[in-house]
Amino acid sequence: MTLSHTNRSTKPLFETFTSENLQVSNRTVMAPMTRGFSPGGVPGEDVAAYYRRRAENGVGLIVTEGTGINHPASVSGANIPVFHGEESLNGWANVVKQVHEAGGKIVPQLWHVGMTRKKGDLPNEEALPVGPSGLSLNGEQITEPMTEEEVVGLVEAYAQAAADAKRLGFDGIEIHGAHGYLIDQFFWKNTNKRTDRYGGDLVGRTQFAVEVVEACRREVGPDFPIIFRFSQWKMNDFKAKLAETPDELESFLSPLVEAGVDIFHCSTRRFWEAEFEGSELNLAGWTKKLTGKPVISVGSVGLDGEFTSFSEANTTSLDGLIEKLDQEEFDLVAIGRSLLMDPEWVRKVRDGRADDLLPFDKEALQKLY
């Protein structure tokens, strides 16, 4: 295995990143990946050590796995971490402490799964899934649409989580608006059939996210970084698109910029794929071009198989990634499975130790390496 087939230097990956609200020692980001090792929703010492190992090995910014906001149906699983309640927040405070001691930076990914939750799922079996129109990702009517009062209550739950993140000493927050989860269910016309202010055309369907970002901004003040993750694809439809053209993408992103997003985390399955015909730019590249905001790109970095399959994948050259980074198409690079398997991935790349990089093995999902 070689890091480069063209002797291209990995140096662009290790330049300092500075934006208005955030400074990071290099361009690497640990992508958020659900692990499910937090019994009762509480991240313990093993979880803190897992994140600390990445910081010790040079990851610039860690985005935690998705962690549930204070709503009974925010997650689906008894071992998924949550971001409310004294015990869970104390667990996260320890994670922050460990990462900072190791010289790293970390943000929690604030999450609500919405209608992807099944009736009867733990931890709160009696809690029904909620979504803009009560529709599953496949369009099936599962529950009643949320009332406006319920929607406003969820906005406040995100805001409370943002306030807690700042109080605990996190370096920012990431709001999960991708992959067909709750916020994305508001964005997507297949799951949002509302006729009130939270529905309508693509811009109208951003209203819930706008209110979430604004409420979080009110809680954390002007200098605390708010990262917003979005995607075109959904877990049940890899070809789905919120925006079919750059113009549509601009109309979608503009309200989020105005609401207070500092950095966009643009989730694709393969970072090297062009987003629209007639341009080589990927989704992150287009987002940066249209908004002027810093962006994180992600999608099968360093591996030859896309992450949505979660099957084995071999290491591969970083040439294409470094080229796009060098051309400033995007600012930061999120690494998922490579870092899941190998906490030393960033250090090995920095030191040119290509032969020491580990291929991805799905057994990694069963253990905190």
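What you see is a predicted model, and the numbers here were worked out from it, not measured in a lab.
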When every non-hydrogen atom of Pro43 is compared with those of Val95, the smallest separation belongs to CB-CG2, 4.4 Å
Decide whether Leu332 and Ile173 are clustered together by the hydrophobic rule: side chain heavy atoms of Ile, Leu, Val, Met, Phe, Trp, Tyr closer than 4.5 Å, transitively.
no
Can you tell me if Glu280 has over 12 outside heavy atoms packed within less than 6.0 Å of its CD?
no
Are Tyr50 and Tyr369 near enough that their ring centres are under 6.0 Å apart?
no
Determine yes or no for a side-chain-to-main-chain donor-acceptor pair under 3.5 angstrom, with Asp326 supplying the side chain and Ile322 the backbone. no
Q) Heavy-atom count around Gln327 CD within 6.0 Å, excluding the residue itself: above 12? A) yes
Could you see if Leu290 belongs to whatever hydrophobic cluster contains Phe271? Use Ile, Leu, Val, Met, Phe, Trp, Tyr and a side-chain cutoff under 4.5 Å.
yes
From the list Lys234, His176, His179, side-chain hydrogen bond (donor to acceptor under 3.5 Å, both in side chains) with Asp184 holds only for Lys234
Exercise. Mind checking whether Ile69 and Val82 have side chains closer than 4.5 Å, heavy atoms only?
Worked result: no
Worksheet item: Heavy atoms, side chains only, cut-off 4.5 Å: are Phe360 and Asp342 in contact?
Response: no
In this structure, OG of Ser231 is separated from CG of Leu242 (nearest 0.5 Å) by 7.0 Å
Query - Pairwise side-chain contact, Leu182 with Leu154, heavy-atom cut-off 4.5 Å (strictly under) - result: yes
message: Please determine whether side chain to side chain contact (heavy atoms under 4.5 Å, CB included) holds for the pair Val63 and Met33, giving the CA-CA distance in whole Å, both sets of side-chain angles, and the decisive distance to 0.1 Å.
response: CA-CA 9 Å; Val63 183; Met33 290 170 286; over 6 Å; no
Using the salt bridge (Lys or Arg N to Asp or Glu O under 4.0 Å) rule, take Arg52 and Glu45 through it: C-alpha gap first, then chi angles, then the decisive distance, then the call.
CA-CA 10 Å; Arg52 180 179 181 130; Glu45 288 291 346; over 6 Å; no
Notebook entry, point to check: Should Ile175 and Val298 be regarded as members of a common hydrophobic cluster, given that ILVMFWY residues are connected when their side-chain heavy atoms come within less than 4.5 Å of each other, either directly or indirectly?
Noted result: no
Side chain to side chain donor-acceptor pair (under 3.5 Å) pairs touching residues 103-123, sequence neighbours excluded, are His71-His112, Gln109-Glu174
Ring-face cation of Lys239 near Trp233 (centre distance under 6.0 Å, axis angle within 45°)
no
Check ion pair Glu344-Arg54 (N to O, under 4.0 angstrom): no
- Message: Regarding Lys166 and Glu219, does a basic nitrogen lie under 4.0 Å from an acidic carboxylate oxygen?
- Response: no
Is any side-chain heavy atom of Asn90 less than 4.5 Å from a side-chain heavy atom of Glu86?
yes
Answer yes or no: is there a donor N or O on one side and an acceptor on the other, between the side chain of Asp237 and the main chain of Ala240, under 3.5 Å?
yes
Salt-bridge test for Glu214 and Arg217: reply yes if a basic N is under 4.0 Å from a carboxylate O, no otherwise. no
Apply side-chain hydrogen bond (donor to acceptor under 3.5 Å, both in side chains) to residues Gln160 and Glu156 and explain how you reach the verdict.
CA-CA 6 Å; Gln160 180 60 53; Glu156 289 311 311; over 6 Å; no
side-chain contact (heavy atoms from CB on, under 4.5 Å) test vs Phe264 passes for just one of Asp331, Thr287, Ile296, namely Thr287
Would you say the side chain of Lys293 lies within less than 4.5 Å of the side chain of Ile263, judging by non-hydrogen atoms? no
Applying a strict under-4.5 Å side-chain criterion to I, L, V, M, F, W and Y, I'd like to know whether Ile226 and Leu256 cluster together. yes
Sorted by chain and number, sequence neighbours left out, side-chain contact (heavy atoms from CB on, under 4.5 Å) with Val151 holds for Met146, Phe186, Arg194, Tyr198, Phe208
*Please indicate whether Glu150 has more than 12 foreign heavy atoms, meaning atoms of other residues, nucleotides or ligands, lying under 6.0 Å from its CD.*
yes
Q) Has Glu87 got more than 12 heavy atoms of other residues, nucleotides or ligands less than 6.0 Å from its CD? A) no
Q) Got Leu122 and Glu125 here, is their nearest side-chain heavy-atom distance under 4.5 Å? A) yes
Worksheet entry | Lys/Arg cation over aromatic Phe17: Arg27, 6.0 Å, 45° cone | no
Point to revise | Exam field: side chain Gln141 to backbone Thr143, donor-acceptor pair closer than 3.5 Å | key: yes
> Could you go step by step and tell me if Ser19 and Asp262 meet the side-chain hydrogen bond (donor to acceptor under 3.5 Å, both in side chains) rule?
Replying inline: CA-CA 9 Å; Ser19 69; Asp262 292 301; over 6 Å; no
Taken to the nearest 0.5 Å, the spacing of Arg167 CZ from Leu89 CG works out to 6.0 Å
TODO: Would you check if there is a donor-acceptor pair between the side chains of Asn282 and Thr268 at a distance under 3.5 Å?
DONE: no
Using 30° and 60° as the class limits, which term best fits the ring planes of Phe83 and Trp92: parallel, tilted or perpendicular?
tilted
One pair to check against side chain to side chain contact (heavy atoms under 4.5 Å, CB included): Leu22 and Phe224. What are the steps and the verdict?
CA-CA 8 Å; Leu22 184 66; Phe224 194 71; over 6 Å; no
Heavy atoms of Pro108 and Ala165 approach each other most closely as CG-CB, 3.9 Å
Minimal heavy-atom distance between Arg270 and Ser300, with the atoms involved, is CG-OG, 4.3 Å
message: In the structure I gave you, are the side-chain heavy atoms of Val107 and Thr64 within less than 4.5 Å of one another anywhere?
response: no
Open item on the list: Does any part of the side chain of Pro32, heavy atoms only, come nearer than 4.5 Å to the side chain of His265, both counted from C-beta?
Closed with: yes
Item to check | Short side-chain to backbone donor-acceptor contact, Ser338 and Ile335, under 3.5 Å | outcome: no
Check your understanding: Is there a side-chain hydrogen bond (donor to acceptor under 3.5 Å, both in side chains) between Gln232 and Glu275 once you walk through the steps?
Key -> CA-CA 10 Å; Gln232 300 260 43; Glu275 189 57 39; 3.1 Å; yes
Take atom NZ in Lys289; do more than 12 heavy atoms of anything else shown fall under 6.0 Å from it? no
**Pair Glu101 + Lys97: basic N to acidic O under 4.0 Å** = yes
| request: Report whether Phe238 and Val301 are members of the same hydrophobic cluster (ILVMFWY, side-chain heavy atoms less than 4.5 Å apart, transitive linking). | output: yes
Worked check of side chain to side chain contact (heavy atoms under 4.5 Å, CB included) between Phe14 and Val346: CA-CA 9 Å; Phe14 296 96; Val346 170; 3.6 Å; yes
### Task
Return yes when atom NZ of Lys11 has more than 12 non-hydrogen atoms of other residues, nucleotides or ligands closer than 6.0 Å, and no otherwise.
no
Contacts of Asp46 meeting salt bridge (Lys or Arg N to Asp or Glu O under 4.0 Å) (sequence neighbours excluded), chain-then-number -> none
Minimal heavy-atom distance between Gly169 and Val96, with the atoms involved, is O-CG1, 3.6 Å
* Asked: How far apart are the C-alpha atoms of His100 and Asp171, what are their side-chain angles, what is the distance that settles it, and do they pass the side chain to side chain contact (heavy atoms under 4.5 Å, CB included) test?
  -> CA-CA 10 Å; His100 284 170; Asp171 298 292; 2.7 Å; yes
In terms of heavy-atom contacts, Gly58 and Thr28 come closest through O-OG1, 3.8 Å
Q) Looking only at atom types and distance, does a side-chain atom of Ser136 sit under 3.5 Å from a main-chain N or O of Asn138, one as donor and one as acceptor? A) yes
